[in-house]
Amino acid sequence: HRTLNDPAFYDRFSKLAANKGISMPVLYVYGPTSFASKQPLRKLADFKGKKVRVLATKMESSLVGKFGAAGVPIPYTEVLPALQRGTIDAVRSSIIVMGGSKFFTVTK
């Protein structure tokens with residue numbers, strides 16, 4: 001976030017296409033988030049007691065903690081094997097990322 005909010009970066013980046021008539025009022029780098037799990041997660045109560053892979057930040061762990069789950073920060077390359085072994089029950093990411101990583105082979 002520090003780089004994206006730095007005026008030296010933002011001002012320069014936001015003007016890259018100005019000569020083509022394109023303006024950039026905001027820079028948004030996040031897509032919608034989704035959960036994939038070994039058991040269906042249809043309501044908030046379904047998160048209770050689940051181990052959910054999150055990024056290694058207090059905010060991410062706190063988010064799933066509010067749902068009653070435990071945030072488990074593990075490296076991305078270990079997510080699929082962790083799902084297969086049952087080390088984690090679910091993962092929080094984007095559909096695009098999860099699809100490309102073939103999480104659908106072990107989740108619902």
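Starting from 1, each residue takes its place in the sequence as its number.
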Tell me whether Leu80 is reachable from Ile95 by hopping between hydrophobic residues (I, L, V, M, F, W, Y) whose side-chain heavy atoms are closer than 4.5 Å. yes
Check whether any side-chain N or O of Ser14 sits under 3.5 Å from a backbone N or O of Asp11 as a donor-acceptor pair, and report yes or no. yes
Among the clusters formed by ILVMFWY side chains lying less than 4.5 Å apart, do Phe103 and Ile88 turn up in the same one? yes
Which pairs, with at least one residue in residues 80-89 and sequence neighbours excluded, count as a side chain to side chain donor-acceptor pair (under 3.5 Å)? none
Which atoms form the tightest heavy-atom contact between Ala90 and Leu41, and what is the distance? CB-CD1, 4.3 Å
Please verify the inter-ring angle class for Phe47 with Phe35; under 30° counts as parallel, over 60° as perpendicular, anything in between as tilted. perpendicular
For Phe104, side-chain contact (heavy atoms from CB on, under 4.5 Å) partners two or more places apart: Lys102
Contacts of Leu63 meeting side-chain contact (heavy atoms from CB on, under 4.5 Å) (sequence neighbours excluded), chain-then-number -> Phe67, Arg92
Quick check for you: to the nearest 0.5 Å, what is the distance between Glu60 atom CD and Arg53 atom CZ? 8.0 Å
Please find the pair of heavy atoms, one from Phe13 and one from Met24, that lie closest to each other, and give the distance. CD2-CE, 3.6 Å
Please determine whether residues Val72 and Val91 belong to a single hydrophobic cluster, defined as Ile, Leu, Val, Met, Phe, Trp and Tyr linked transitively by side-chain heavy-atom distances below 4.5 Å. yes
Spell out, yes or no, whether Val97 and Val64 are grouped together once hydrophobic residues are joined by side-chain heavy atoms under 4.5 Å, including indirect joins. no
Nearest 0.5 Å please: distance from the OH atom of Tyr76 over to the OG atom of Ser93. 5.5 Å
Please report the shortest heavy-atom distance between Glu78 and Ile74, naming the atom on each side. O-CD1, 4.0 Å
Would you say the side chain of Met98 lies within less than 4.5 Å of the side chain of Ser34, judging by non-hydrogen atoms? yes
